[in-house]
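Notes follow once the structure below has been shown.
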Amino acid sequence: MKALFRGLSIVVVFFGIWFLLSQIDYITFFKIDKAKSATEKGVGDMIWDQIKTTEDIIVNDSITKSLDKLLKPLCKENGIERDSLKVHIIQKDEVNAFALPDGHLVVYSGLIEASKNEQALIGVLGHEIAHIENNHVMKKLSKEVGFSVLMSITTGNNNGKLVREIMHTLSSSAYDRSLEKEADIASVEYMLKAKIDPAPFADFLYEMSFDNKLESALSWVNSHPESEERAKYILEYIKGKKASQKHLLTKTEWAGFKKAVKEYEN
């Protein structure tokens with residue numbers, strides 16, 4: 001009986017300790033979340049500082065306001081804090097956009113010029129915002145670079161070469177296919193909630209992947225493989241869903257926006 005009682009006591013104590021430990025918020029207890037946040041901000045700022053020294057940044061109120069007019073409804077209708085996004089427009093012919101840690105969203109002028117309509121551009125921007133909102137950016141870097149390495153460059157070991165490599169990783173290589181699909185569908189959902197038709201986003205993916213004239217400049221499409229397949233599953237996803245023909249910019253405003261971007265001079 002004593003042996004049985006002792007055995008039962010051990011089991012009770014074991015499950016009691018297990019239950020107590022399961023109630024502890026280890027992220028808060030060990031301040032892991034704070035460390036991640038500080039690292040994300042540090043890495044994001046360092047990469048953006050690097051970009052600023054090597055690229056031509058578009059600083060123009062008219063251009064910025066037009067892009068903001070496209071972003072605001074997307075954010076408002078999806079509970080995304082607009083001020084949490086740090087949007088930057090770079091003067092570069094590449095058809096590209098990419099997300100950096102800490103909410104930085106980089107848009108190349110080439111993407112704006114190549115977009116036939118505002119919906120196509122919003123679809124790409126929504127895709128990158130989804131990467132930010134779902135923490136895909138840090139997941140990708142933690143997997144490919146290592147969180148300890150990311151922490152090291154924000155705590156004194158500022159390796160310029162490593163920062164450039166991280167920037168290259170984010171701007172020219174795709175995420176895991178599952179994350180890419182998650183970002184695509186999230187962008188479509190963002191658009192539907194904001195009453196913006198997502199079909200032109202699918203059209204953009206399909207058409208651009210076959211545009212041989214721009215092949216060398218299609219960084220965004222080339223770094224996001226299986227564009228035709230992605231276009232198909234987006235169209236399949238929105239089948240039967242009511243899509244509004246709402247426009248955020250008038251035809252004149254859209255044409256003026258693209259013209260201002262194309263003719264911009266520092």
Side-chain angles (χ1 to χ4, degrees), residues 56-78 80 82 85 87-98 105-130 183-215 217-221 224 227-228 230-232 234-235 237-266:
D56 293 325
I57 314 302
I58 292 181
V59 183
N60 177 284
D61 286 344
S62 174
I63 292 172
T64 302
K65 285 177 181 177
S66 293
L67 187 63
D68 203 46
K69 199 170 179 179
L70 299 178
L71 285 171
K72 276 185 175 178
L74 206 66
C75 293
K76 181 181 177 182
E77 299 302 325
N78 290 279
I80 299 167
R82 172 62 187 88
L85 299 174
V87 183
H88 316 283
I89 307 174
I90 290 178
Q91 190 174 31
K92 201 163 189 175
D93 289 338
E94 287 182 25
V95 181
N96 203 7
F98 55 93
L105 174 57
V106 179
V107 183
Y108 283 2
S109 60
L111 171 65
I112 297 171
E113 291 180 51
S115 299
K116 291 183 178 179
N117 47 59
E118 64 179 38
Q119 295 95 329
L121 177 58
I122 291 169
V124 175
L125 298 178
H127 177 99
E128 296 304 328
I129 290 171
D184 280 336
I185 298 304
S187 181
V188 169
E189 280 294 332
Y190 291 161
M191 295 176 78
L192 289 171
K193 287 180 182 177
K195 295 182 170 51
I196 301 166
D197 185 9
F201 174 39
D203 294 340
F204 173 84
L205 286 170
Y206 185 79
E207 292 170 11
M208 297 293 274
S209 64
F210 289 97
D211 195 331
N212 295 324
K213 291 180 295 183
L214 292 173
E215 188 175 1
L218 295 178
S219 298
W220 196 81
V221 172
H224 294 65
S227 293
E228 184 178 357
R230 293 169 65 205
K232 287 178 179 177
I234 287 173
L235 291 175
Y237 184 80
I238 64 177
K239 190 182 292 182
K241 292 182 171 65
K242 189 175 180 180
S244 171
Q245 298 301 314
K246 173 183 176 182
H247 289 272
L248 303 175
L249 298 176
T250 65
K251 286 184 179 180
T252 302
E253 287 174 330
W254 172 250
F257 172 48
K258 292 185 69 172
K259 186 174 186 288
V261 169
K262 185 175 183 178
E263 296 178 353
Y264 178 81
E265 291 183 8
N266 278 317

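For this chain, numbers begin at 1 and follow the sequence in order. Because only heavy atoms are used, hydrogens play no part in the values below, and waters and symmetry mates are left out as well, while side chains stay in.
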Legend entry - K258 (side chain) donor-acceptor with S115 (main chain) under 3.5 angstrom: yes
Inset, instruction - State whether the side chain of N60 and the backbone N or O of S62 hold a donor-acceptor pair below 3.5 Å, judged by distance alone. - result: yes
Legend entry - Distance in Å, F204 CZ paired with R230 CZ, rounded so as to fall on 0.5 Å steps: 10.0 Å
Legend entry - Heavy-atom closest contact (M191 atom, G123 atom, distance): SD-CA, 3.7 Å
Inset, instruction - State, to 0.1 Å, how close G126 and Y190 come at their nearest heavy-atom pair, and which atoms those are. - result: O-CE1, 3.6 Å
Legend entry - K193: side chain to side chain donor-acceptor pair (under 3.5 Å) partners, not counting sequence neighbours: none
Legend entry - Under the side chain to side chain donor-acceptor pair (under 3.5 Å) test, residues paired with E118 that sit two or more places apart: none
Inset, instruction - Using the test salt bridge (charged side-chain N to carboxylate O under 4.0 Å, His left out), find all partners of K259 that sit at least two apart in sequence or belong to another chain. - result: E263
Inset, instruction - Search all heavy atoms of S66 against all heavy atoms of F257 and return the closest pair with its distance. - result: CB-CD1, 3.4 Å
Inset, instruction - List for me each residue that meets side chain to side chain donor-acceptor pair (under 3.5 Å) alongside K92, sequence neighbours excluded, and say none if there are none. - result: E55
Legend entry - NZ (K242) with more than 12 external heavy atoms under 6.0 Å: no
Inset, instruction - With sequence neighbours left out, write down each residue that passes side chain to side chain donor-acceptor pair (under 3.5 Å) with K239, or none if nothing qualifies. - result: E236
Inset, instruction - Please name all residues satisfying salt bridge (charged side-chain N to carboxylate O under 4.0 Å, His left out) with K72, sequence neighbours left out, ordered by chain then number. - result: D68
